[in-house]
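Heads up, the thing below is written out as C-alpha cells.
Note that the numbering runs from 1 along the sequence shown for the chain. Only heavy atoms go into these numbers, but all of them, side chains included; no hydrogens, no water, no symmetry mates.
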Amino acid sequence: MFSLDALEDALRQVHEVFPGTNQYAWPLLGQRAGADVWVKHENHAPTGAFKVRGGLVHLARLAREGGAPHGIISATRGNHGQSLAFAGRRFGMPVTIVVPHGNSAEKNAAMVALGARLIEHGEDFDAARQHAKALAARDGLAFAPSFHPDLVVGVATWALELFRAAPPLDVLYVPIGLGSGICGAIRTRDLLGLSTEIIGVQSAHAPAYALSVAAGRLIETASADTKADGLAVRIPDSAALDMIRAGVARMVTVKDDEVAEAIRIYWTDTHNLAEGAGAAPLAALLQEKHRLAGKRVGVVLSGGNIDLAVFRDWVANGHPAP
C-alpha cells in the first residue's frame, strides 16, 4: 500500500506538528501479565488519539493538490472527526462531521471546539457514513473516508515510532475500528522486516472483522452495540479486510466488562486514562496472558477520549482492579 520512503515522509509531516508519542514498559502491567509489556501512548497525541496522524497526512495532500475547494465532510464516532478538524484548522480547510445520534458528548464538543460543523444523523456509524456521502454529493464537498491510503500511512507512524524505540516485540495487540491502525501496523512491520505477531482486537459486541477473517469473506453484522464506541463498526472495509487477513496472526474479541477492567487497570497501574477502544488491546492481552509468559508484548493505547458520564457508569461503578 505504501513504501518505506512514503512512511518516512509521513513521519516527517507528523513531527512537524508534534514530536510523536512515548512508549513505556510499565512494571505493574508486566507483573500483572507475566510478560514485558510496552505501551504506546497515543492517548498523549494532540487530540488524545492516534487518528490525528492520518488526518494531518490526508489534508496536507488535499491542500497541496487543491482537492477540496469547498471543504471536506466525513463521518465518525469521534477520533477520526477530531483528527480532520485539527488538520482542517492547520490547513485552512472547512470541515463538516456527521455523527450518529447519541454520540459521545465530549467528543462532539471537542470537534466543534476545533472548528468543525457538526451534524447528527442515524443510529450508528454506518448510517452516519452513508448520510455524509450523500451530503458530499449534494453540496460539492470532498468526502474523507475513515479508511484511505493517506490515513493508513499517516497512522502507521505510531507503529514506526514504537518498533524503532522499543526492544524487538514478540507480539503486538492492535484494536480494529474500520482498520487503519492495524493495517498501518502490519505494513510497517513488513517494511521493517520484523517477525512481530500482530493480533487484531475487536469488541465481542461488534465482531464484523473477526467474523470476516474466520469466514474468509466480508460479513456485516446487524448491530455494533458496544460501549467501546471506537470499535462500533458493522460493515468492514473490503481493502482493510484484505490487508488484515493477509497480515494478522489471529483475532481476539473482548467483552465490554473486560474492556472496563482494562481501563481500570490502566489507571491503577499507569495512571493513564483510556477510552474503550484504547483499552481493548490490554483486555485482549490479559485474556491471552497464559500464552505470553516471558515474552515482550506491545499494546497501543490508541486513545483516551472517554466521556466522564460513560466512565462513571461503565468503569467506576464496577469492581476495582485487583
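Counted by atom type alone, Thr21 and Glu42 present one or more donor-acceptor pairs between their side chains at under 3.5 Å. Looking at Thr270 and Asn272, their side chains do bring a donor and an acceptor atom within 3.5 Å of each other.
Arg77 is listed as a side-chain neighbour of Pro100, based on a closest heavy-atom distance under 4.5 Å. At least one side-chain heavy atom of Leu56 sits less than 4.5 Å from a side-chain heavy atom of Phe18. Residues Ile119 and Ile97 form no side-chain contact, since every pair of their non-hydrogen atoms from C-beta on lies 4.5 Å or further apart. Counting heavy atoms from C-beta outward, Glu220 and Leu211 have side chains that stay 4.5 Å or more apart. Counting only heavy atoms from C-beta outward, the side chains of Tyr24 and Val39 never approach each other to under 4.5 Å. Put simply, the side chain of Leu151 does not reach to within 4.5 Å of the side chain of Arg53, judged on heavy atoms. Residues Phe147 and Cys183 are in side-chain contact: their nearest non-hydrogen atoms beyond the backbone lie under 4.5 Å apart. The closest side-chain heavy-atom distance from Leu292 to Val171 is below 4.5 Å.
The salt bridge (Lys or Arg N to Asp or Glu O under 4.0 Å) analysis of residues 111-121, with sequence neighbours excluded, yields no pairs. Contacts classified as ring pair (Phe, Tyr, Trp, His ring centres under 6.0 Å) and involving residues 239-270 (residues at least two apart or in different chains) are given here: Trp267-His271. Residue pairs meeting the ring pair (Phe, Tyr, Trp, His ring centres under 6.0 Å) criterion with at least one member in residues 284-303, sequence neighbours excluded, do not occur.
At distances below 3.5 Å, not a single donor-acceptor pair connects side-chain atoms of Arg89 with backbone N or O atoms of Leu84. Looking only at distances, a side-chain donor or acceptor of Ser74 sits under 3.5 Å from a matching main-chain atom of Ala144. The backbone N or O of Thr253 sits less than 3.5 Å from a side-chain atom of Gln287, completing a donor-acceptor pair. At distances below 3.5 Å, not a single donor-acceptor pair connects side-chain atoms of Arg187 with backbone N or O atoms of Val153. Of the possible donor and acceptor atoms, one in the side chain of Gln202 sits under 3.5 Å from a partner among the backbone N and O of Tyr209. Using modelled atom types, no side-chain atom of Thr188 and backbone atom of Ala159 make a donor-acceptor pair closer than 3.5 Å. Ser212 contributes a side-chain N or O that, together with a main-chain N or O of Ile219, makes up a donor-acceptor pair within less than 3.5 Å. For the pair Trp314 (side chain) and Val259 (backbone), a donor-acceptor distance under 3.5 Å is absent. Side chain of Asp150 to backbone of Val57: no donor-acceptor contact under 3.5 angstrom is found.
Glu258 has no carboxylate O lying under 4.0 Å from a charged side-chain N of Lys255, or vice versa, which leaves the two without a salt bridge. For Asp9 and Arg12, the salt-bridge test passes: some basic side-chain N is under 4.0 Å from an acidic carboxylate O. Taking a cutoff of 4.0 Å between a charged side-chain nitrogen and a carboxylate oxygen, Arg296 and Asp170 do not qualify as a salt bridge. With respect to the salt-bridge test (charged N to carboxylate O, under 4.0 angstrom), the residues Lys295 and Asp36 do not qualify. The pair Lys107-Glu275 meets the salt-bridge criterion, with a side-chain N (NZ, NE, NH1 or NH2) lying under 4.0 Å from an Asp/Glu carboxylate O.
Once rounded to the nearest 0.5 Å, the distance linking CD of Gln23 with NZ of Lys40 reads 4.0 Å. Here the CG atom belonging to Leu282 is positioned 8.0 Å from the CG atom belonging to Leu301, to the nearest 0.5 angstrom. To the nearest 0.5 Å, atoms OG1 (Thr221) and NE2 (His205) are separated by 12.5 Å. Here the straight-line distance linking atom CG of Leu308 with atom CD of Glu106 works out to 6.0 Å at 0.5 Å rounding. Atom CG in Asn43 sits 8.5 Å away from atom OG in Ser302 (nearest 0.5 Å). With rounding to the nearest 0.5 Å, the separation of CG in Leu114 from CZ in Phe86 is 7.5 Å.
Dense packing is recorded around CG of Asn22, with more than 12 heavy atoms of other residues, nucleotides or ligands lying under 6.0 Å away.
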(request) Verify side chain to side chain contact (heavy atoms under 4.5 Å, CB included) between Val17 and Val52, making sure each step is shown before the conclusion. (result) CA-CA 10 Å; Val17 181; Val52 68; over 6 Å; no
(request) Let me see the working for Met243 and Asp237 under side chain to side chain contact (heavy atoms under 4.5 Å, CB included), right down to the final yes or no. (result) CA-CA 10 Å; Met243 289 189 69; Asp237 180 273; over 6 Å; no
(request) Could you please spell out the steps behind the side chain to side chain contact (heavy atoms under 4.5 Å, CB included) verdict for Ser146 and Thr76? (result) CA-CA 8 Å; Ser146 299; Thr76 186; 5.8 Å; no
(request) Apply the test side chain to side chain contact (heavy atoms under 4.5 Å, CB included) to residues Arg234 and Phe125: give CA-CA distance (whole Å), side-chain angles for both, the deciding distance (0.1 Å), then the verdict. (result) CA-CA 8 Å; Arg234 291 189 296 106; Phe125 165 74; over 6 Å; no
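For the pair Ala279 and Ala262, the tightest heavy-atom approach, listed with the atom from each and the gap, is O-CB, 3.5 Å. What you find for Pro175 and Leu231 is that their closest heavy atoms are CB-CD2, 3.9 Å. Contact between Ile186 and Ile244 at its shortest, heavy atoms only, is CD1-CA, 4.0 Å. Between Ala49 and Asn305 the shortest heavy-atom distance is CB-ND2, 4.0 Å. When all heavy atoms of Ser203 and Asp256 are compared, the closest pair comes out as OG-OD1, 4.1 Å. Residue Ala206 comes nearest to Thr226 through the heavy atom pair CB-CG2, 4.2 Å, listed as atom of the first residue, atom of the second, then distance.
Considering Leu160, Leu172, Ile198, Leu169 in turn, Ile198 is the only one that fulfils the side-chain contact (heavy atoms from CB on, under 4.5 Å) rule with Arg189. Screening Ile199, Leu194, Leu192 for a side-chain contact (heavy atoms from CB on, under 4.5 Å) involving Thr196 leaves a single residue, Leu194. Exactly one of Asn108, Asp229, Asp124 qualifies for a side-chain hydrogen bond (donor to acceptor under 3.5 Å, both in side chains) with Asn103. That residue is Asn108.
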Side-chain polar contacts of residues 129-141 - donor-acceptor pairs under 3.5 angstrom, sequence neighbours left out - could you list them?
| residue | atom | partner | partner atom | Å |
| --- | --- | --- | --- | --- |
| Arg129 | NH2 | Asp126 | OD1 | 2.7 |

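Both Leu191 and Ile182 sit in one connected hydrophobic cluster of ILVMFWY residues. Membership requires side-chain heavy atoms under 4.5 Å apart, directly or through other members. Hydrophobic clustering places Val252 together with Val37 (ILVMFWY residues linked when any side-chain heavy atoms are closer than 4.5 Å, directly or through intermediates). Cluster membership check: Leu118 shares its hydrophobic cluster with Ile72, using side-chain heavy-atom separations under 4.5 Å among Ile, Leu, Val, Met, Phe, Trp and Tyr. In the hydrophobic clustering of ILVMFWY residues, with side-chain heavy atoms under 4.5 Å counting as a link, Ile73 and Leu62 come out apart.
Take Glu197 and apply the salt bridge (Lys or Arg N to Asp or Glu O under 4.0 Å) test, not counting sequence neighbours, and it matches Arg250. For Ala63, the side chain to side chain contact (heavy atoms under 4.5 Å, CB included) partners are Phe91, Met93, not counting sequence neighbours.
Between His58 and His148, the distance from one ring center to the other falls under 6.0 angstrom.
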